[in-house]
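Note on naming: letters A, B, ... go to the chains in the order of the sequence lines (proteins, then strands), and numbering restarts at 1 for each one. These numbers come from the heavy atoms of this one structure, side chains and all, not from hydrogens, waters or symmetry mates.
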2 protein chains.
Amino acid sequence: MTIPKQSARRKELTTVAAKLFKKHSFDRTTVRMLASEAGIKSGSLFYHYRNKEEILFAVIKQGLLSSLETIKKETSKAVTVEEKLQALILGQLKALHGKNKDAHIVSISEWRSLNKQSRQSLIDIRDEYEAYWQGIIDLAIAGGVLKGDAKLQKLFILGALNWTTQWYKKDHSKSIDEIAKECFESVTTGRLN
Amino acid sequence: MTIPKQSARRKELTTVAAKLFKKHSFDRTTVRMLASEAGIKSGSLFYHYRNKEEILFAVIKQGLLSSLETIKKETSKAVTVEEKLQALILGQLKALHGKNKDAHIVSISEWRSLNKQSRQSLIDIRDEYEAYWQGIIDLAIAGGVLKGDAKLQKLFILGALNWTTQWYKKDHSKSIDEIAKECFESVTTGRLN
DNA sequence: CAAATAACCAAGCAAGCGCTAGGTAATAAA
DNA sequence: TTTATTACCTAGCGCTTGCTTGGTTATTTG
């Protein structure tokens with residue numbers, strides 16, 4: 001029996017898995033928990049996936065693709081370098097806290113739970129994601145919006161944003177837009193006023 | 001039989017545990033792996049700890065205390081606000097990548113693997129750590145070295161620094177001191193030049 | 001209609017897990 | 001010299017885990 005990789009049902013199950021993996025971590029989510037949440041029996045999962053790790057693989061792939069789409073869409077409207085950087089920051093925050101957050105958060109926190117082959121086969125998407133970020137950061141530095149080493153700047157800003165997953169709750173006093181604005185102003189302070 | 005919490009042997013075992021927990025994560029480190037690394041049999045671990053989670057608790061407590069000590073020591077020499085902030089950034093990076101890094105990294109990445117009671121009993125140390133950071137950030141804002149919301153600034157900077165655990169390897173082209181310097185200049189750019 | 005396919009279930013296996021019980025040897029205390 | 005104490009080992013128990021096998025039902029296709 002062959003397992004179809006793009007069925008609609010599989011997508012549903014992957015979304016359920018993203019939710020539980022984010023809530024409990026991959027290791028602490030059992031196949032029985034996944035099945036129960038999906039309303040089926042644990043054995044039935046292996047009709048859709050070869051093994052548990054393939055479920056994680058599907059979640060992370062979905063997370064990478066959807067967040068890449070999010071930041072591209074968000075930055076597409078921007079014209080100036082300032083606008084692009086601001087949109088990129090906002091896009092990243094939306095990917096982390098918006099509709100499809102579960103899969104994206106899993107993709108950055110459970111990367112090392114994948115085996116080597118799985119990681120290798122996702123590296124193209126990851127590289128594209130990083131390259132997209134780097135492109136805008138490079139522009140910002142060339143335009144004088146940012147200063148310093150381009151790669152470090154990217155890592156600092158991405159780090160500050162990704163770290164929001166550790167403290168930002170949806171009942172926070174500030175909205176995502178406000179946090180994006182403050183982050184933008186923080187990294188570019190001085191040149192603008 | 002009662003378990004002494006402060007024996008020298010226990011400290012050794014906790015250091016071994018920190019190493020493996022950082023390398024493989026808490027969930028993927030078995031008591032047999034811990035015992036093997038320590039040169040004893042798995043059952044012997046439970047002479048020193050009540051259960052596996054208590055090992056994690058010991059690691060995290062040690063991580064919090066030693067990194068708090070590190071940043072206090074690092075900042076103690078500083079006089080001006082600029083120096084204090086710079087020292088704090090460097091101290092945090094040393095805690096993350098220096099001698100006692102294992103326990104500290106575990107303390108920020110495995111916090112949620114603790115049960116509620118364990119977390120609660122460590123919260124005082126955690127609060128002191130955050131308060132120490134907040135104190136210097138507040139000073140920096142009052143002194144005009146930083147701008148914006150004090151709490152957000154703290155979270156952004158801490159996030160950027162803690163995120164270095166995801167990408168910094170010891171064969172990196174830049175040293176810890178260089179990265180600290182660049183981070184400091186990045187968050188304070190504009191006011192100084 | 002018959003055949004194929006998709007999606008599931010029931011039952012359970014083998015391996016690995018945290019942890020325990022009872023015992024041993026070496027050192028320290030009385 | 002007896003008694004405690006410290007630090008370990010041996011052996012294995014009970015449970016959970018990911019996963020398999022063989023079968024069932026409903027829907028679609030020729």
J.: Mark yes or no for whether Y168(B), through its side chain, and K174(B), through its backbone, hold a donor-acceptor pair below 3.5 Å.
T.: yes

J.: Between N or O atoms, less than 3.5 Å apart, protein on one side and nucleotides 22-29 of chain C on the other: list the pairs.
T.:
none

J.: Between atom NE2 in H48(B) and atom P in dA7(D), what is the gap in whole Å?
T.: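 Value for this atom pair: 6 Å.
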
J.: Holding to side chain to side chain contact (heavy atoms under 4.5 Å, CB included), I want the full list of residues that pass it with D127(B), two or more places apart in sequence or in another chain.
T.: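 D127(B) satisfies side chain to side chain contact (heavy atoms under 4.5 Å, CB included) with I123(B) only.
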
J.: If I take atom CZ in residue R9(B) and atom C1' in nucleotide dC8(D), what distance separates them, rounded to the nearest angstrom?
T.: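 For the pair R9(B) CZ and dC8(D) C1', the rounded distance is 9 Å.
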
J.: To the nearest angstrom, how far is L34(B) atom CG from dC17(C) atom C1'?
T.: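 Rounded to the whole Å, the gap is 13 Å.
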
J.: R9(A): what forms a side chain to side chain contact (heavy atoms under 4.5 Å, CB included) with it, not counting sequence neighbours?
T.: S7(A), E12(A), L13(A), I40(A), H48(A)

J.: Starting at atom CD of E54(B), determine the distance to atom P of dC19(C), rounded to an integer number of angstrom.
T.: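 Computing the E54(B):CD to dC19(C):P distance gives 10 Å.
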
J.: Can a side chain N or O of Y47(B) be found less than 4.0 Å away from OP1 or OP2 on dA7(D)?
T.: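 Answer is yes, contact under 4.0 Å.
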
J.: Suppose we screen for salt bridge (charged side-chain N to carboxylate O under 4.0 Å, His left out). Which residues come up paired with E130(B), at least two apart in sequence or across chains?
T.: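 For E130(B), the residues satisfying salt bridge (charged side-chain N to carboxylate O under 4.0 Å, His left out) (neighbours in sequence not counted) are K154(B).
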
J.: Return the set of residues passing salt bridge (charged side-chain N to carboxylate O under 4.0 Å, His left out) with E83(B) (not counting sequence neighbours), or none when no residue passes.
T.: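 Not a single residue meets the salt bridge (charged side-chain N to carboxylate O under 4.0 Å, His left out) criterion with E83(B).
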
J.: To the nearest angstrom, how far is K41(B) atom NZ from dC8(D) atom C1'?
T.: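 Value for this atom pair: 11 Å.
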
J.: For residues 103-111 of chain B, which side-chain N or O atoms pair as donor and acceptor with protein atoms under 3.5 Å away, sequence neighbours left out?
T.:
| unit_1 | atom_1 | unit_2 | atom_2 | d |
| --- | --- | --- | --- | --- |
| H104(B) | ND1 | A95(B) | O | 3.4 |
| S107(B) | OG | H104(B) | O | 2.7 |
| S109(B) | OG | I105(B) | O | 2.8 |
| E110(B) | OE1 | S113(B) | OG | 3.1 |
| E110(B) | OE2 | F26(B) | N | 2.9 |

J.: Write out all pairs satisfying side chain to side chain donor-acceptor pair (under 3.5 Å) with one or both partners inside residues 60-73 of chain B, taking only residues at least two apart or from two chains.
T.: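 Qualifying pairs, neighbours excluded: K72(B)-E128(B).
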
J.: Hey, what are the protein-to-nucleotides 12-18 of chain D N/O distances that come in under 3.5 Å?
T.:
| unit_1 | atom_1 | unit_2 | atom_2 | d |
| --- | --- | --- | --- | --- |
| dG18(D) | OP1 | K52(A) | NZ | 2.9 |
| dG18(D) | OP2 | V31(A) | N | 3.0 |
| dG18(D) | N7 | R32(A) | NH2 | 3.0 |
| dG18(D) | O6 | R32(A) | NH2 | 3.1 |

J.: Tell me the side chain to side chain donor-acceptor pair (under 3.5 Å) pairs involving residues 87-101 of chain B, sequence neighbours left out?
T.: E74(B)-K94(B), Q92(B)-Y129(B), Q92(B)-W133(B), Q92(B)-N162(B), H97(B)-T164(B)

J.: Please report, rounded to the nearest Å, how far the P atom of dG18(C) is from the CG atom of L20(B).
T.: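 Distance check: L20(B) CG to dG18(C) P gives 12 Å.
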
J.: Output the rounded distance in Å from CG (L45(B)) to P (dC17(C)).
T.: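 After rounding, the reported distance stands at 14 Å.
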
J.: Rounding to a whole Å, what distance do you find between I55(B):CD1 and dC19(C):P?
T.: 8 Å

J.: Under 4.0 Å: is that the gap between some side-chain N or O of S44(B) and OP1 or OP2 of dC9(D)?
T.: yes

J.: State whether a side-chain donor-acceptor pair under 3.5 Å links Q153(A) with D149(A).
T.: no

